[in-house]
Amino acid sequence: MNKILVSGIRLYAFHGCLDEEAKIGSDYQVDIEISTDFSKAAITDDLSETIDYVKVNQIVKEEMLLRSKLLEHVGQRILNRLHREISHPAFYQIKISKLNPPINGDVHAVSIVIGD
């Protein structure tokens, strides 16, 4: 197994249980770790033999635009779409971080990790 890392996808979105979060929004960072066999692509230089990380980024951006109360829910939606829309066999680990969360404390980020 090889790994592809799509790290530091920065977005502004409106997730959270508080009404204020739906109105004000927050900064997020998404990191994706993809375990796959891209040995054929390494030899052939053919994108169809690996994971197109442009597509991965597009899926993350589109799903992050859809408001959810819980990051766990957003993560599951991203995971489902990756499996549905990317035909190359792979296992995914997704980390979604809400930067500077409104939790009455000096906290850099709150994160969830979901995957296969």
Side-chain angles (χ1 to χ4, degrees):
M1 269 306 168
N2 307 114
K3 291 198 186 290
I4 298 171
L5 305 174
V6 183
S7 304
I9 303 170
R10 304 240 353 173
L11 307 133
Y12 198 83
F14 297 87
H15 306 298
C17 293
L18 303 175
D19 290 337
E20 294 80 22
E21 293 174 296
K23 296 174 189 168
I24 297 168
S26 187
D27 290 308
Y28 292 84
Q29 179 172 311
V30 179
D31 302 296
I32 310 278
E33 180 178 300
I34 306 162
S35 298
T36 189
D37 180 5
F38 60 68
S39 57
K40 198 168 182 182
I43 295 167
T44 64
D45 200 25
D46 183 352
L47 179 59
S48 69
E49 298 294 344
T50 188
I51 304 291
D52 183 350
Y53 46 82
V54 172
K55 180 69 174 172
V56 171
N57 185 57
Q58 174 191 349
I59 289 169
V60 168
K61 286 171 36 177
E62 289 173 1
E63 289 301 323
M64 288 294 290
L65 285 175
L66 303 175
R67 177 167 159 64
S68 290
K69 291 179 184 174
L70 301 177
L71 294 180
E72 293 87 340
H73 187 253
V74 180
Q76 186 64 57
R77 284 198 330 256
I78 293 170
L79 184 61
N80 291 346
R81 266 196 73 193
L82 289 168
H83 281 298
R84 193 170 56 245
E85 296 184 24
I86 296 178
S87 60
H88 194 79
F91 297 100
Y92 300 93
Q93 182 167 300
I94 302 161
K95 178 180 176 186
I96 303 174
S97 301
K98 180 185 281 192
L99 307 178
N100 303 309
I103 59 173
N104 296 325
D106 187 13
V107 177
H108 171 71
V110 173
S111 305
I112 63 101
V113 177
I114 189 169
D116 303 314

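Every heavy atom of this structure was used, including side-chain atoms; hydrogens, water molecules and symmetry mates were not.
- In this structure, Ser7 contributes its side chain and Asp31 its backbone to no donor-acceptor pair below 3.5 Å.
- At least one side-chain heavy atom of Val56 sits less than 4.5 Å from a side-chain heavy atom of Leu82.
- Note that NZ of Lys55 and CG of Leu47 are 12.5 Å apart. Values are rounded to the nearest 0.5 Å.
- Transitive grouping of hydrophobic side chains (ILVMFWY, heavy atoms separated by less than 4.5 Å) brings Ile86 and Val74 into a common cluster.
- Cluster membership for Phe14 and Leu70, using ILVMFWY side-chain heavy atoms within less than 4.5 angstrom, is not shared.
- Considering all non-hydrogen atoms of both residues, His15 and Lys98 come closest at O-NZ, 3.2 Å.
- Counting all heavy atoms, side chain and backbone alike, Ala41 lies closest to Thr50 at CB-CB, 3.7 Å.
- Here CZ of Phe91 is found 13.0 Å from CD1 of Ile34. Values are rounded to the nearest 0.5 Å.
- Annotation: side chain of His108 is in contact with side chain of Leu99 (closest heavy-atom distance under 4.5 Å).
- Between Val60 and Leu11 there is a side-chain heavy-atom pair separated by less than 4.5 Å.
- In this structure, OG in Ser111 is found 4.5 Å from NZ in Lys95, a value given to the nearest 0.5 Å.
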Inset, instruction - I would like to know whether Gln76 and Leu79 meet side-chain contact (heavy atoms from CB on, under 4.5 Å); could you show each step before the answer? - result: CA-CA 5 Å; Gln76 186 64 57; Leu79 184 61; 4.0 Å; yes
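- Within the 4.5 Å cutoff, the side chain of Glu63 has heavy atoms near those of the Leu66 side chain.
- Aromatic ring centres of His83 and Tyr92: separated by under 6.0 Å.
- Crowding of Lys61 atom NZ: a count of heavy atoms from other residues, nucleotides or ligands under 6.0 Å not exceeding 12.
- When all heavy atoms of Ile114 and Glu72 are compared, the closest pair comes out as CD1-O, 4.2 Å.
- Note that the CD1 atom of Ile4 and the CZ atom of Phe38 stand 5.5 Å from one another [nearest 0.5 Å].
- In Asp46, the CG atom is crowded: over 12 heavy atoms of neighbouring residues, nucleotides or ligands sit closer than 6.0 Å.
- Annotation: the span from Lys3 atom NZ to Thr36 atom OG1 amounts to 10.5 Å, rounded to 0.5 Å.
- Proximity of Gln58 to Val54: side-chain heavy atoms (C-beta onward) are nowhere separated by under 4.5 Å.
- To the nearest 0.5 Å, atoms CD1 (Ile96) and CD (Gln29) are separated by 11.5 Å.
- In plain terms, the two heavy atoms of Ala13 and Met64 that are nearest each other are CB-O, 3.5 Å.
- Nearest approach of Ser68 to His73, heavy atoms of both residues: OG-ND1, 2.9 Å.
- At a threshold of 4.5 Å between non-hydrogen side-chain atoms, the residues Pro102 and Glu21 count as touching.
- A 4.5 Å side-chain heavy-atom check between Val30 and Ile94 finds at least one atom pair inside the cut-off.
- Using a 4.5 Å heavy-atom cutoff, the side chains of Asn2 and Asp37 are in contact.
- Judged by distance alone, the side chain of His88 and the main-chain N or O of Ile51 form no donor-acceptor pair under 3.5 Å.
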